Amino acid sequence: MNYIYIQEAMKIGSGKVSVRGWVHRERGSNKLKFVTLRDSSNVIQCVFEQKDFEKRWDEIDHLQIEASLEITGTIKEDKRAPTGYEIHVEDYTLVGSSDKFPISKDQSVEFLADNRHLWLRSRRMIAIMKIRSTVFGAIDEYFKSSGFYEYHSPVFQAVQCEGGSTLFSVDYFGKKDVFLAQTWQLYAEPAIFALEKIYTISPSFRAEKSKTSRHLTEYWHAEMEMAWSTFKDIQDHGEKLIKHVFKKVLENNKEELKILERDISKLEPIINKPFIRMTYTEALKVLKEKHQMDVEWGKDLRTIEEEKLTSLYDVPVICTHYPKIVKAFYMMEDPKNSEVVEGCDFLASEAHGEIIGGSQREHDLEKVKQRLIAQGEDPANYEFYLDTRRYGSVPHGGFGLGVERLIKWVCGLENIKDAIAFPRTMERYKP
Ligand code: 4AD
Ligand code: MG
């Protein structure tokens with residue numbers, strides 16, 4: 001039998017077809033049974049008539065949600081059917097019967113999380129996972145077509161890069177100074193001397209104790225690092241990357257965005273309009289003028305302030321030149337003002353928050369050492385990294401993009417947990 005996807009069968013639209021999938025919905029009487037069959041491409045209504053299956057009617061009558069079926073029958077247009085087509089079943093095989101499926105309507109968030117392995121089959125999760133697939137492909141495509149090599153860093157690391165408070169320790173054969181990667185960065189900088197322009201998409205780990213709608217403990221991190229960059233190059237690549245991803249999702253996933261009830265008009269400016277670029281100091285001025293909010297110079301922007309700032313625009317804000325004291329040790333001091341650094345946060349529109357963090361890197365060996373010490377680190381543990389400043393150092397920089405945050409934004413999700421199949425948070429690491 002030549003099985004085709006439901007979507008293809010509907011495109012053919014008439015005649016005999018064979019499809020296979022899972023029972024999405026079922027209802028019936030003693031004469032007719034309606035099964036909505038689901039495969040990865042779509043759903044379709046299938047009708048069984050009792051008179052065609054007298055000997056097997058008991059089996060058909062007892063078909064449960066999520067039983068798997070192979071079906072052959074005649075397809076035709078039917079305006080009343082959920083997706084506009086119906087298959088009149090002529091033959092079928094019950095491949096795998098199903099116990100009573102635990103997920104039905106109106107279940108709590110907790111229940112769905114406990115049954116995540118089954119909830120993945122929902123149309124909502126299928127739509128998100130398809131968009132996620134597009135997003136990963138688009139990131140890859142952007143970097144490859146811009147001359148970046150794919151490069152991989154270790155997950156077990158004996159250094160911190162984004163602050164000790166979010167490190168996950170690992171028992172490494174009894175050794176305790178081993179952590180899961182927060183970022184590839186300290187292992188990426190050494191490689192730009194070999195490959196110049198590199199990128200990766202890989203998991204990063206943060207022991208986030210905060211329960212927010214945008215923090216995971218394990219997330220996928222798209223990072224890039226490049227030799228000879230200017231600070232502007234870093235911002236330009238971040239903006240072009242986001243535009244490319246949004247464009248690809250709009251091209252490939254209109255159906256999925258519809259299932260998620262995403263307002264597409266919100267996505268178009270991201271592709272077509274330049275992002276807003278402003279310094280931290282300018283951002284404080286805007287917050288004061290437009291929202292009467294006072295932020296003391298030198299304090300990091302909090303979520304509420306980021307949201308108020310971005311609510312003024314329909315594109316992201318690239319906020320630059322933060323105070324040195326609120327940013328990581330590796331960020332380049334601004335040559336014109338040593339109080340601020342050439343670091344940037346991309347703050348998404350629609351209150352989705354920080355999507356990208358990046359910077360030009362400090363290449364002065366002594367300054368890097370001093371700032372490590374100021375953060376309570378022993379520079380001796382960073383010798384391999386400091387060598388990047390000893391042997392032919394060049395201006396360079398890079399950024400990291402939180403892929404689930406980007407998916408949350410493009411899909412318009414309320415919580416980052418739905419942007420990944422099996423989310424990991426402080427409370428949840430099962431199933
Ligand atoms: O701003 P962050 O901490 O920057 C870095 O890790 C740099 N070393 C990246 C680089 O320059 N190569 O993290 C980068 C991005 C954030 O902007 C955010 O989108 C995402 O990673 N992120 C998280 N996403 C989900 N859950 C978390 N707990 C996240 N922490 C950071
Ligand atoms: Mg950051």
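Both ligands and their constituent atoms are indexed starting at 1 by order of listing. Just so you know, these numbers come straight off a predicted model, no measurement behind them.
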Can you find an N/O atom of [X] closer than 3.5 Å to an N/O atom of ligand 1?
X	value
C161	no
G357	yes
T183	yes
H215	no
M224	no
E162	yes

Parallel under 30°, tilted from 30 to 60°, perpendicular over 60°: which one fits the rings of [X] and [Y]?
X	Y	result
F143	F399	tilted
H244	Y142	tilted
Y280	W297	perpendicular

Pick one of side chain, backbone, both or neither for how [X] approaches ligand 1, counting any non-hydrogen atom pair under 4.0 Å.
X	answer
E223	side chain
I355	backbone
I356	backbone
Y330	side chain

Just to check, does [X] reach to within less than 4.0 Å of ligand 1 when the distance is taken from its heavy atoms?
X	value
E404	no
F346	no
R361	yes

In terms of side-chain geometry, is the basic nitrogen of [X] or [Y] positioned less than 4.0 Å from the acidic oxygen of its partner?
X	Y	answer
R302	E305	yes
R214	E307	yes
E404	R206	no
R361	E225	yes

May I ask you to list the atoms of ligand 1 that are less than 4.0 angstrom from any heavy atom of [X]?
X	answer
Q185	7 (C), 8 (N), 10 (C), 11 (O), 12 (N)
R214	25 (C), 26 (N)
G398	11 (O)
R206	2 (P), 3 (O), 5 (C), 6 (O), 13 (O), 30 (N), 31 (C)

Does atom [atom1] of [X] have more than 12 heavy-atom neighbours from other groups under 6.0 Å away?
X	atom1	answer
E261	CD	no
K144	NZ	yes
K243	NZ	yes

Short side-chain donor-acceptor distance under 3.5 Å, [Y] and [X]:
X	Y	value
N42	Y5	no
S41	E8	no
Q185	E223	no

Quiz item: Which of these passes side chain to side chain contact (heavy atoms under 4.5 Å, CB included) with V341: M331, Q360, E362, M332?
Solution: M331
Among all the protein's non-hydrogen atoms, which is closest to [atom], and how far away is it?
atom	answer
atom 14 (C) of ligand 1	H221 NE2, 3.3 Å
atom 21 (O) of ligand 1	Y219 OH, 3.2 Å
atom 15 (C) of ligand 1	G400 O, 3.6 Å
atom 18 (C) of ligand 1	R405 NH1, 3.5 Å
atom 27 (C) of ligand 1	L216 O, 3.5 Å
atom 1 (O) of ligand 1	E354 OE2, 3.0 Å

Quiz item: For the ring-ring contact (aromatic ring centres under 6.0 Å, His included) test, which of Y199, W184, Y187 pairs with Y151?
Solution: W184
Exercise. Mind checking the CD-CG spacing from E162 to L167? Nearest 0.5 Å is all I need.
Key: 10.0 Å
Quiz prompt | salt bridge (Lys or Arg N to Asp or Glu O under 4.0 Å) assessment of D236 paired with R277 | solution = CA-CA 11 Å; D236 289 349; R277 299 187 187 197; 2.9 Å; yes
Exercise. Show all protein N/O/S atoms under 2.8 Å from the Mg ion (ligand 2), or state that there are none.
Key: E354 OE2
